[in-house]
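Data first, discussion second: the structure below is written as structure tokens.
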Amino acid sequence: MKFYQMTPAARRAALVAEGALTPAAADQLATSGALPAAVADALSENQIGQFTLPFGVCRNLVINGQLTQVPMVTEEPSVVAAASNGARMVRASGGVHVTTAPHLVTGEIVFDHLTDLPAAVQLVSDRQAELTAVAAAAHPSLVDRGGGLRGVTPSIVAARWLKLQVTIDPQAAMGANLVNTLLEAMAAVVGEWLHAEPLVAILSNQVPEQTVATVTLAPAALATRDHSGQAIAERVVALSELAQVDSDRAVTHNKGIMNGVNAVVLASGNDTRAVAAAVFASATSATGMQPLSRWWLAADQLHGELRLPLPVGVVGGAISALPLAQVASTLGQWHTVAQLQAAIAAVGLVQNLAALRALVGPGIQAGHMALQAHALAIAAGATGSEIQALVARLHTKDLAAARRELAALRKEGQHDNHRH
């Protein structure tokens with residue numbers, strides 16, 4: 001029997017027999033599940049266990065005038081802390097305002113080795129109505145819901161390839177699978193017209209439509225113990241301007257935004273890789289990486305703007321299969337794609353604000369490392385109430401020292417919830 005045909009238990013046993021897993025590790029994998037076993041096995045190839053992450057929430061983020069709780073899934077505690085801090089800073093000024101574009105997905109059908117490219121372009125242009133019918137027949141329920149094919153644009157690429165850029169309205173779904181179904185059906189028909197086999201028929205992760213989040217706040221909201229709000233605001237603007245001309249800074253600037261974006265996308269059950277591909281494609285120019293957001297001062301106010309392409313959905317695929325993704329949807333009140341896109345963009349913008357404020361003010365390490373102390377305590381072997389007790393005693397971020405402190409804590413007999 002091949003590995004992928006085995007049950008998860010049999011796969012674990014095979015890995016133990018090979019020496020790739022210890023029996024203890026196999027037992028841990030067997031008991032690590034948050035998903036029903038059958039669901040987990042159906043969602044991934046060669047599944048041997050489950051990898052769980054903390055489910056947190058960005059508290060009280062005002063989006064388009066509505067107070068929201070935004071689910072976030074991440075292993076990094078400072079990400080949720082920063083998002084919640086950013087939400088607090090913008091709340092008094094009305095929060096984040098977000099506009100979304102129509103939810104469309106593009107794909108491409110490409111042919112190579114055609115003898116008369118201009119004639120092929122004309123042929124496809126003349127037979128658009130037939131392609132609309134083919135697409136409708138390939139996925140009639142999508143048409144019933146108000147979606148479907150929205151356009152086919154033929155073009156010649158590099159004097160070699162015929163490319164059909166196909167635009168599809170996937171309604172509430174992210175759309176990858178249904179778009180590929182439509183593309184393959186259309187490619188087969190066009191191939192018959194051209195007496196040629198298509199080179200490829202696949203969706204594109206390039207997303208021209210962008211979600212735009214903006215915020216305006218008084219600089220006083222940024223004040224720290226050692227710096228006035230005005231001073232912090234001016235330094236935030238300077239750092240934003242640096243990112244526009246320094247690719248090194250822009251990459252890290254954008255990574256900070258994606259800390260929040262990825263956490264919300266993951267909580268929603270959407271494809272984090274598709275979102276990352278779309279976002280970084282939009283941020284890349286001939287001169288290098290450009291910042292996804294910008295900050296500026298005008299009329300005594302600090303203004304921020306973030307633009308993101310967000311290929312996400314609220315139904316279908318893992319979104320419907322993962323119970324906690326459905327919990328996240330309920331908590332975040334994501335009834336439409338636009339609501340989910342607004343939450344993702346709003347978190348990205350306040351995450352950016354909190355990070356820039358920390359960088360130009362108190363620095364990021366003090367708060368970041370304080371939060372990391374909990375992870376260090378767990379890595380040292382602390383459990384239950386030992387975790388907080390050990391964090392209170394840690395004066396170093398060295399694992400060996402943390403283990404010595406834990407041993408001393410247990411020796412003192414202050415806690416009785418030990419695991420041996």
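All of these numbers come straight from a predicted model, not from anything done at the bench.
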Is the closest side-chain donor-acceptor distance between His253 and Ser293 under 3.5 Å? yes

Contact summary for Ala278 and Asn205, nearest pair of heavy atoms: CB-O, 3.2 Å

Can you spot which of Val80, Leu53, Val265, Val79 makes a side-chain contact (heavy atoms from CB on, under 4.5 Å) with Val73? Leu53

What do the steps show when you test Val312 against Val275 for side chain to side chain contact (heavy atoms under 4.5 Å, CB included), and what is the final call? CA-CA 8 Å; Val312 295; Val275 171; 3.8 Å; yes

Mark yes when over 12 heavy atoms from residues, nucleotides or ligands other than Gln244 sit less than 6.0 Å from its CD; otherwise mark no. yes

Thr31 side chain near Asp27 side chain, heavy-atom distance below 4.5 Å: no

Is it true that atom CG of Asn177 has more than 12 heavy atoms of other residues, nucleotides or ligands lying nearer than 6.0 Å? no

Side chains of Val98 and Gln341: does their closest heavy-atom pair fall under 4.5 Å? no

Distance (rounded to the nearest 0.5 Å) between Arg307 CZ and Glu209 CD: 13.0 Å

Please examine the side chains of Asn60 and Gln69, heavy atoms only from C-beta on, and report whether any two atoms are closer than 4.5 Å. yes

Val179 backbone acceptor or donor facing His139 side chain under 3.5 Å: no

Counting N and O atoms only, with roles assigned by atom type, does the side chain of Ser285 sit under 3.5 Å from a partner on the main chain of Thr287, one being a donor and the other an acceptor? yes

Give, for atom CG of Leu292 and atom CE of Met258, the distance between the pair rounded to the nearest 0.5 Å. 7.5 Å

Main-chain N/O of Val90 paired to Ser93 side chain as donor or acceptor, under 3.5 Å: yes

Could you tell me which non-hydrogen atom of Asp41 sits nearest to which non-hydrogen atom of Pro8, and how far apart they are? OD1-CG, 3.7 Å

Take a 6.0 Å sphere around CD of Glu130 and say whether it holds more than 12 heavy atoms from other residues, nucleotides or ligands. yes

Worked verdict on Tyr4 versus Lys2 for side chain to side chain contact (heavy atoms under 4.5 Å, CB included): CA-CA 6 Å; Tyr4 74 89; Lys2 293 182 179 180; 3.6 Å; yes

Taking the side chain from Gln5 and the backbone from Met1, do they hold a donor-acceptor pair closer than 3.5 Å? no

Is there a side-chain contact between His97 and Asn64 (heavy atoms, below 4.5 Å)? yes

With no hydrogens and no angle check, is any side-chain donor or acceptor of Ser240 less than 3.5 Å from a backbone partner on Arg294? no

Straight-line distance of Ile344 CD1 to Leu306 CG, nearest 0.5 Å: 11.0 Å

Would you check if the side chain of Glu386 reaches a backbone N or O of Thr383 as a donor-acceptor pair within less than 3.5 Å? yes

More than 12 foreign heavy atoms under 6.0 Å from CD of Gln326: is that the case here? yes

Please report the shortest heavy-atom distance between Trp295 and Asn352, naming the atom on each side. NE1-OD1, 2.8 Å

Tell me, do Arg403 and Leu406 make a side-chain contact under 4.5 Å, heavy atoms counted? no

Just by distance, do the side chain of Arg160 and the backbone of Asp112 share a donor-acceptor pair under 3.5 Å? no

Backbone N or O of Val236 within a donor-acceptor pair of the Arg357 side chain at under 3.5 Å? no

Correct closest heavy-atom pair for Ala338 and Thr100 would be CB-OG1, 3.5 Å

Begin from the C-alpha positions of Leu310 and Asn270 and carry the test side chain to side chain contact (heavy atoms under 4.5 Å, CB included) through to its verdict. CA-CA 10 Å; Leu310 292 173; Asn270 273 277; over 6 Å; no

Which heavy atom of Ala26 sits nearest a heavy atom of Arg12, and at what distance? O-CD, 3.5 Å

Under 3.5 Å, is there a donor-acceptor pair between the Asp126 and Gln128 side chains? no

Derivation and outcome, side chain to side chain contact (heavy atoms under 4.5 Å, CB included), residues Val350 and Met89: CA-CA 8 Å; Val350 298; Met89 285 188 279; over 6 Å; no

Just by distance, do the side chain of Ser329 and the backbone of Trp334 share a donor-acceptor pair under 3.5 Å? yes

Would a 4.5 Å heavy-atom cut-off, applied to side chains only, mark Val124 and Leu131 as touching? yes

Starting at OG1 of Thr52, measure out to CG of Leu35 and round the result to the nearest 0.5 Å. 9.5 Å

Side chains of Leu302 and Val237: does their closest heavy-atom pair fall under 4.5 Å? yes

Hey, could you give me the CD1/CG distance between Ile319 and Leu340, rounded to the nearest 0.5 Å? 7.5 Å

Closest heavy-atom pair, Ala328 versus Pro71, reported as atoms and distance to 0.1 Å, is O-CG, 3.4 Å

Would a 4.5 Å heavy-atom cut-off, applied to side chains only, mark Leu222 and Leu217 as touching? yes

Quick check for you: to the nearest 0.5 Å, what is the distance between Leu266 atom CG and Thr74 atom OG1? 8.0 Å

Side chain Gln165, main chain Val152, donor-acceptor under 3.5 Å: no

